[in-house]
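By convention in this document, chain letters (A, B, ...) are assigned in the order of the sequence lines, proteins followed by strands, and residues within each chain are numbered from 1.
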Amino acid sequence: MSIFLLLPVLVPFLTAVVTMLFWHERLIQRRVNVVGGIAFFVAALGLLALVWRDGIQATQIGNWPAPFGITLVADLFSAIMVVMAGLMGLVVAVYSLGSIDERREAFGYYPLLHTLLMGVSGAFLTGDMFNLYVWFEVMLIASFVLMALGGQRDQLEGALKYVTINLLSSALFLTSVGILYSVTGTLNMADLAHQISSGAVDSGLATVLAMMFLVAFGIKAGLFPLFFWLPASYHTPPIAITALFSGLLTKVGVYALVRVFTLIFVQDVDYTHTLLMVIAGLTMVTGVLGAVAQTEVRRLLSFHIISQIGYLLMGLGLFTELALTGVIVFMVHVIIAKSALFLVSGIVRQVAGSYDLKQLGGLYRTNAGLAALFFLPALALAGLPPFSGFWAKLTLVRAGLETEEYAIVAVSLVVSVLTLFSMTKIWAEAFWKDRPGQDEAFQPLLSPQRIALLGPVIVLAALTVILGLGAEPLIDLGTEAAAQLLNPSEYIQAVLGDVA
Amino acid sequence: MFVAVLAGFAAALIVPWLHGRVGDRSGWLVALVPLGLTIYLGTQLNGIANGETVGATSEWVPSLGVDLAFHLDGLSLLFALIITSIGTLVIIYGGGYLKGDPLLGRFYAYILIFMGAMLGVVLANNLITLFVFWELTSISSYLLIGFKHDKADSRQSALQALLVTGSGGLALLGGLVLLGHVAGTNTISALAAQGNLIRDDGLYGAILILVLLGAFTKSAQFPFHFWLPGAMAAPTPVSAYLHSATMVKAGIYLLARLQPVLGGTDAWQIALTGVGAATMTMGAFIAWRQTDLKRILAYSTVSALGMLVLLLGMGTEYAVKAAITLLLAHSLYKGALFLVAGSLDHETGTRDVALMGGLWRKMPWTGTAALVVAASMAGIVPLFGFISKEVFYKAAYDAPDAAAVLTGLVVFSSVLLVAAAGLVSLKPFLGTTGRTPQSPHEAPLSMTLGPLLLAGLSVGFGIVPGPVTDYVVKGATQAALNDTSAKVELVLWPGINTVLLLSFLTIIAGLGVYAGRKPLQRRVGWLDAGERIGPARAYRALLDGMLWLADRQTRILQNGYLRVYLITIVTVTTGLVGYTLLAQTDLDGALRSPDVRVYELLIAGVILAATLAVTQAQSRLAAVAALGTVGYGIALLYILFGAPDLAMTQFAIETLTVLLFVLVIYRLPRFGRISSPVVRVRDATIAISAGAMMTLLVLIVTADPARTGLTSYFAENSVTEAKGRNIVNVILVDFRALDTLGEIVVLAVAAAGVYSLLKLRPDREIRNRVSAPRSTVEMNAVSEDRIEDHITELTP
């Protein structure tokens, strides 16, 4: 039994417990929060290193053999996702120090933050369908409270829509798990994969169940036409929370989709994965058009999340090793770039007092550093070389052209022009144009806050450049991970031992 | 060679700092970078002229077949020399032109980044690496065009250039990836050998179209040319460098480079000659009718770019030679003319030639340079422009197809360009003194050096064409033809022949047009109507259309109504799952009459009736009670199926829920029906369809007995291994303890959350209120009232 599989769940859990115990000690909470964030990230890196060296890791909780107990399992894809969760956790934990108001801190912000991370981590690591549901619930409740915390009118409205639609998703997910259990008699993912691939379940029925999971996870992932909760709510909480959500929540949905549509539901790829590709195209287009229509930075970026999810789904739909490599590279890239943009816009708000493009302006002349911190991830997001997004896009485009799926490639390229367009919109309005009608000076960032806000953003922006200039290691890692995804036998073997 | 390409980028990182330290004269210092590169490239001249090539390769992203590979041959060397030498002059010039601008440091940085990117494009020996640098030129161009960032016009032009070249760039990406896929390699120098294979591939057409889209947008070919005049919003040194001498020639470079790979087919020939001829004619025809110096130059540049594409399209050995010669001549004279235009603008405060005249007396150096390079542009002996025009005419005259038409168009365009050359040189510098906003002085040395040097080269290359032919033109032509045996010679005086006669006539006619421009311009004024429906309009319409569509679709999709969202989601679920169910499964099993007992049916009936009652209830209390009945009914089913503990839980929950409801009911607004009958029918249809779909699914699933592999394991091991007699308990606390842990966390968070949400209420005037927009509306004002209602429901 490997402790490394447990740590990414345990560390944020303990952090949440400890911060909760110090409910009235704000300063202690802040420190524990950072220590916990670092520990989580380190634990995640440890797990990735282990999986990279020794292959897929699995552990049976309580030593009940699979498929009877609950299995935690980490292949490279899971481990990469956990590392991303660790990175986001740490970055947001630090950024929160400089941006979350004392009142929220006094009412359980940090425990909620780490509970959310625990849920995310659990979702990436579990090898059990019902247990995945439980982690989804943990995430949902933590994110709901985080979103509503502060109780402002727009927050409540957003949170209400968020929780209602997500509960619908949960209900559908639970129903699907129930039906799947009654058909296969198991909840263990590896066992499910084994049963469906060995023909124990009618293929048509499996496809029907696949559709149910597609909708349930599709809501979480923000696919067209299920994404409504996202633009309705993401612009309401403090920006640190939005950044965290944008980095992780929809990505858990995509993770789940990738997991079930590579491991379990591959009995009728022509039907399911073609459908995925169609949805991918529509998601990209509607998302980016939504972004183009916005004049508020957070809303604009929120719609972009959706558009980018389309790219991830495109890779899953193409379903080749190169395409899945693209999914993983894109995932890493988009988590970093998108959170960087959200966090930068938080700083812009701090400095210039608004998220509204109509009221912003003039930052280019006075705040060159801030402008660069926006510009680099923005280019990365638009998939321009030599930044991280380019390689992700290139991989997907190549995978699409090689499988002769020209339509989706064309759509993805057009969408990237529109992405660029909407990024230049922020750039031209917030940075280039003169600040309309306001003569008051920009608010300078004061010293401790400065480090807490700028540090994380610099790290993320630098990563979009580093992963662009030195893309090979990530693509290498992605290729290995994709190979594991396309060959589920290794996963099944790691969980169940020799079954066939 | 890596150093050569990366030097610009590295230098860009430190120049803003350097500029801050050095101050006004920093331009001379920064120019040392491109100057050094020019010298380095100069040392390669001899070797390249002897047919050698220089290469350097380092792995970059090998898993995608992308190497940091560079390759210097004659063609690359010609472009690289233009890039670095004009870069040197432009940086020096920019230091004078933008003296005192607080952002001058950034200007240097962008120019250097651009230069590095451009060098990357012409030196890259890998398709994807080429593309990386190609896009970098677009980005740096965006920043440079928008340099005067506080002007809306600059911002728009920058965006327009970025979108047009960026879209073309993405087409190019598709084309290059396909090309690499078909050829089996991304190495450019290895592609020529695969030429036949590529041209015979089924994807050749697609590759050609995509690559041409990339090249044509970048090189401002019709109908994508309109961004180039727009890009004149950039500071003039930028126009001189990017939009005349180098970046717009990246497309030409690409065509020349890929000519041995993609060229030689009818499609190639037709596309290039057609587009090239159209661009050439149109550019020339617009150029001479402008009065803004930079617009004259921009359109004449468009025309020249058209000529280059036309020549590459002809594809004969002679035509390629002519293209290379013209390209070199054009870079020299047009770069210089732009710099002159910048000086005029800088000194007189206007760019309108109508206001200028007699400036030669006040600005003799600038004026001399201007007259010389304009003569070169007009193709007057003994300048290099004359030679280039001679070979150009001869290439058109000897064209393999449609020689007469092409020659006619070429001469027509050249006549108009002679007039344009007159407009930018004779008009401002000779004649009577004009009325300019500022009284002009000679520009500083930094700003006269460039034009004078370029003018000197135009003269030198013209009088002694031998060295430049042997060292530069020959190598470039041979590389573009991929044929080291091609003979390349240039002479100043080829003797009297038809072409020379045409050339002579061109100049006479051109001067005639210049002299009689006013009546002539009026005569063709009606043609301006054509511009109003031109491609720039199409671009605007496309952009507006896209914005309209974006706005519209977002209003429809993200309309702010939670109920519409839910309806959509449920409908999609029903449709997707229902369709798959009907199409892919065998429904026989489901339709077999299931094995049910009477009292089960009875309970089901009660549940259904209660559900119906909820929808029809006239008061909230009744609805809650009916809901409770549904819950109790389900609990009864649990009992029947042997799960009494589950049933107990369910009873407790139902009771508590009803009680809680009753407690809060009096705080809710009055109960009323707000939906119309139509809406209710719609909702009922959706609900019933969803229910029917679920029922059908469950019937199909339960047609076969459930698999219960886990149950027997739990039963066997509960006591022996887990030491517990209540299997359900053992499952919860041992077999699946992790689930329980998760659920405990959920409950704890829910409890803490309720506490926090109740306690932490926004003060009426809290600080962060400033940030939140007052409106709670998600998308549009239409839904505002409803949402306000909603909110009041929540927070009494």
J.: Determine whether A/Met212 and B/Leu697 make a side-chain contact, defined as any pair of heavy atoms from C-beta on separated by less than 4.5 Å.
T.: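 The answer is yes; the side chains approach within 4.5 Å.
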J.: Would you say A/Tyr364 and B/Arg106 make side-chain contact, with heavy atoms under 4.5 Å?
T.: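 A side-chain contact exists here, since the closest heavy-atom pair is under 4.5 Å.
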J.: What pairs with A/Trp391 under ring pair (Phe, Tyr, Trp, His ring centres under 6.0 Å), at least two apart in sequence or on another chain?
T.: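 So A/Trp391 forms a ring pair (Phe, Tyr, Trp, His ring centres under 6.0 Å) with B/Trp60.
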J.: Non-hydrogen atoms of chain B under 4.5 Å away: do they reach the side chain of A/Leu149, the backbone, both or neither?
T.: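 Both parts, backbone and side chain.
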J.: Centroid-to-centroid, B/Trp134 to A/Phe390, below 6.0 Å?
T.: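 Ring centroids of B/Trp134 and A/Phe390 are no less than 6.0 Å from each other.
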J.: In Å, rounded to the nearest 0.5 Å, how long is the span from CH2 of A/Trp432 to CZ of B/Phe147?
T.: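 A/Trp432 CH2 to B/Phe147 CZ: 10.5 Å, rounded to 0.5 Å.
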J.: Considering only heavy atoms, which portion of A/Thr286 lies under 4.5 Å from any heavy atom of chain B: side chain, backbone, both, or neither?
T.: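 Contact with chain B is through both the backbone and side chain of A/Thr286.
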J.: Checking heavy atoms, do the side chain of A/Thr115, its backbone, both or neither come under 4.5 Å from chain B?
T.: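 Side chain of A/Thr115 only, per the 4.5 Å heavy-atom cut-off to chain B.
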J.: Using only heavy-atom distances, determine whether the side chains of B/Ser63 and A/Glu472 contain a donor-acceptor pair under 3.5 Å.
T.: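 A donor-acceptor contact under 3.5 Å links the two side chains.
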J.: Chain B heavy atoms under 4.5 Å from A/Ala368: which part of the residue, side chain, backbone, both or neither?
T.: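 For A/Ala368, backbone and side chain are both near chain B.
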J.: Is there any salt bridge (charged side-chain N to carboxylate O under 4.0 Å, His left out) pair reaching into residues 738-748 of chain B, and which pairs are they, with sequence neighbours excluded?
T.: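 Of all non-adjacent pairs touching residues 738-748 of chain B, those that pass salt bridge (charged side-chain N to carboxylate O under 4.0 Å, His left out) are B/Arg736-B/Asp739.
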J.: Can you tell me how far apart CG (B/Leu178) and CG (A/Leu401) are? Round to the nearest 0.5 Å.
T.: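 The CG atom of A/Leu401 is 4.5 Å from CG of B/Leu178, to the nearest 0.5 Å.
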J.: Hey, are the side chains of A/Leu418 and B/Met546 touching, using non-hydrogen atoms and a 4.5 Å cut-off?
T.: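 A side-chain contact exists here, since the closest heavy-atom pair is under 4.5 Å.
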